[in-house]
2 protein chains.
Amino acid sequence: MAKNAPASRPAITTNVVVFTLRDDKLKLLLVRRRKDPFKDMWALPGGAVRPNEDLDDSAKRELEVSTGLSGVYLEQLYTFGAPGRDPRERVISVAYYALVPTERLHLPTASDTQAVGWFALDELPALAFDHAEMAGVAHQRLSAKLAYSTIALQFMPEKFTLSELQNVYELILNEKLDKRNFRKRVRALDQIDQTDEVRRNGSHRPARLYRVTNPGEVQIIR
Amino acid sequence: MAKNAPASRPAITTNVVVFTLRDDKLKLLLVRRRKDPFKDMWALPGGAVRPNEDLDDSAKRELEVSTGLSGVYLEQLYTFGAPGRDPRERVISVAYYALVPTERLHLPTASDTQAVGWFALDELPALAFDHAEMAGVAHQRLSAKLAYSTIALQFMPEKFTLSELQNVYELILNEKLDKRNFRKRVRALDQIDQTDEVRRNGSHRPARLYRVTNPGEVQIIR
DNA sequence: GCAAAAGTGTTCCAGATACACCCATGT
DNA sequence: ACATGGGTGTATCTGGAACACTTTTGC
């Protein structure tokens, strides 16, 4: 059955739920499987943990392979290990989730055409294995964390407007927020700095640009 | 080196951080190791996941073996997999934490003398492997969860007084709370029912006994 | 001059905090 | 009668929510 496995030892993999914001939607990255089982179905990026590789490093590597990116926010999510979740043999999957600023994704990150794609969370195709559950748990965690941390800043590019930041919150929470209250609150966090630049963007008043004070740092608030 | 392991497949274990409240302290359960490595040191209960056993089931079993208990609150915590965390061979450990009401622990749960013990969190002995880190992460999670869930009720026996419940909060948070505010808040949760019994307990007014409305259920609040 | 997004403060309300005294019992 | 923990209500504070108009630009 399994290639080189004694039945007594499950295989270990990491999977990564990669979130980004595109086209005014919260999307995640899927790869198309090229082998059985679930051949040609969409799945979360992931793969075997190497013999001497830390779990975090394995997730980082999977992220790097599928997106070309490193240095983005990455956090362990949950470990899935039900017998039978892989039809071939027992596999324990340590799931992570990552947040990437859209601007850093120049290419559609196709190692070959149609092998990867970004899908809106509410329009996911059927997923291989228990990956739909992983994606669900990741989304839950992200939404929850939005409320009590500065995690949303991880989606922002180097410079951004407050309207753009508000949009990020609105997309993830899936509700409209009050502009004045939002600005008051987000400025009170003391995690963004005003620059002296503005962005001209259509026939209306230019927007002031801001910058994250401590990029890569996620603070617990409230 | 390793007994029956191909270097390509790490071993999988679960470990459980078992919390209880005793002698007005938050304590956790440790077992003394009888074999190398770390022979005679204290460690978290745990052991290998069986070939066809779900991770949750493995943790439940370890809990049952070390405490004789089942049906208590148990939640996956984090997965530890750094190479070298076990000196013999690569081991991935899925850590859980559990909360047990003290009353359910009649025996000191000794399968043999001195093999297990309860230790206050601020008086832990040196622990084997990376178990000190596990315990730390578990305590953090527990404290955090106290603030936004009804998890503290999991420590309560069948019937309890509000003073006892307040004591639980004070021990875990490590700060004094206002009696009137505490009672107002905890009653507003609508998760405890007044019984018509009282407990006579020394030379003072008897305390009303309460009961958890939905035992085993932990609600997210606020 | 008009359309379109940027920007700005104040009032109101609810939930958290601070706080002190009487009650029922055992000795 | 006194020591001990059980039990109760109100005033205040604070942070969140609601809410509308002016500004700057491109066309």
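Each chain gets a letter, A, B and so on, in the order its sequence line appears, and its residues count up from 1.
- Rounding to whole angstrom units, CD of residue B:Gln194 and C1' of D:dG7 are separated by 11 Å.
- Counted by atom type alone, B:Arg185 and B:Tyr169 present zero donor-acceptor pairs between their side chains at under 3.5 Å.
- Atoms CZ (B:Arg183) and P (C:dA16) sit 18 Å apart, rounded to a whole Å.
- From one end of the helix from C:dG1-D:dC27 to C:dT27-D:dA1 to the other, with five pairs defining each end axis, the axis direction shifts by 10° (rounded to 10°).
- Within residues 143-176 of chain A, the residues approached by DNA chain C to less than 4.0 Å at the level of any non-hydrogen atom are A:Ser163, in residue-number order.
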Might you list the N or O atoms of the protein lying below 3.5 Å from N or O atoms in nucleotides 10-14 of chain C, with each pair's distance?
| residue | atom | partner | partner atom | Å |
| --- | --- | --- | --- | --- |
| C:dT10 | O4 | A:Lys184 | NZ | 3.1 |

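- Between the NE2 atom of A:His204 and the C1' atom of C:dA4 there is a distance of 6 Å, given to the nearest Å.
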List every contact pair, protein side and nucleotides 20-22 of chain D side both N or O, where the distance is under 3.5 Å.
| residue | atom | partner | partner atom | Å |
| --- | --- | --- | --- | --- |
| D:dA20 | N1 | A:Arg180 | NH1 | 3.3 |

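- Residue pairs meeting the salt bridge (Lys or Arg N to Asp or Glu O under 4.0 Å) criterion with at least one member in residues 124-138 of chain B, sequence neighbours excluded, are B:Arg85-B:Asp130.
- The separation between A:Phe182 atom CZ and C:dT8 atom P is 14 Å, rounded to whole Å.
- Judged by distance alone, the side chain of B:Ser93 and the main-chain N or O of B:Thr14 form no donor-acceptor pair under 3.5 Å.
- When the P atom of D:dG5 is taken as reference, atom CG of B:Leu209 falls 17 Å away, rounded to whole Å.
- OP1 or OP2 of D:dG6 has not a single side-chain nitrogen or oxygen of B:Arg208 nearer than 4.0 Å.
- Among the protein residues, A:Arg199 comes within range of no part of the nucleic acid, since none of its heavy atoms lies under 4.0 Å from any strand.
- One atom, CZ of A:Arg200, and another, P of D:dT24, lie 12 Å apart when rounded to the nearest Å.
- Ring geometry, A:Tyr78 versus A:Phe80: the interplanar angle exceeds 60°, so the pair is classed perpendicular (tilted spans 30 to 60°).
- Across all strands shown, B:Asn201 has no heavy atoms under 4.0 Å from either base or sugar-phosphate atoms.
- Classification of the B:Phe19-B:Tyr97 ring pair by plane angle, with boundaries at 30° and 60°, yields perpendicular.
- For residues 61-70 of chain B, the pairs satisfying salt bridge (Lys or Arg N to Asp or Glu O under 4.0 Å) are B:Glu53-B:Arg61, with sequence neighbours left out.
- Rounding to whole angstrom units, CG of residue B:Leu177 and P of C:dC19 are separated by 15 Å.
- One interatomic measurement links the two molecules: CG of B:Asp178 to C1' of D:dT12, which rounds to 14 Å at whole-angstrom precision.
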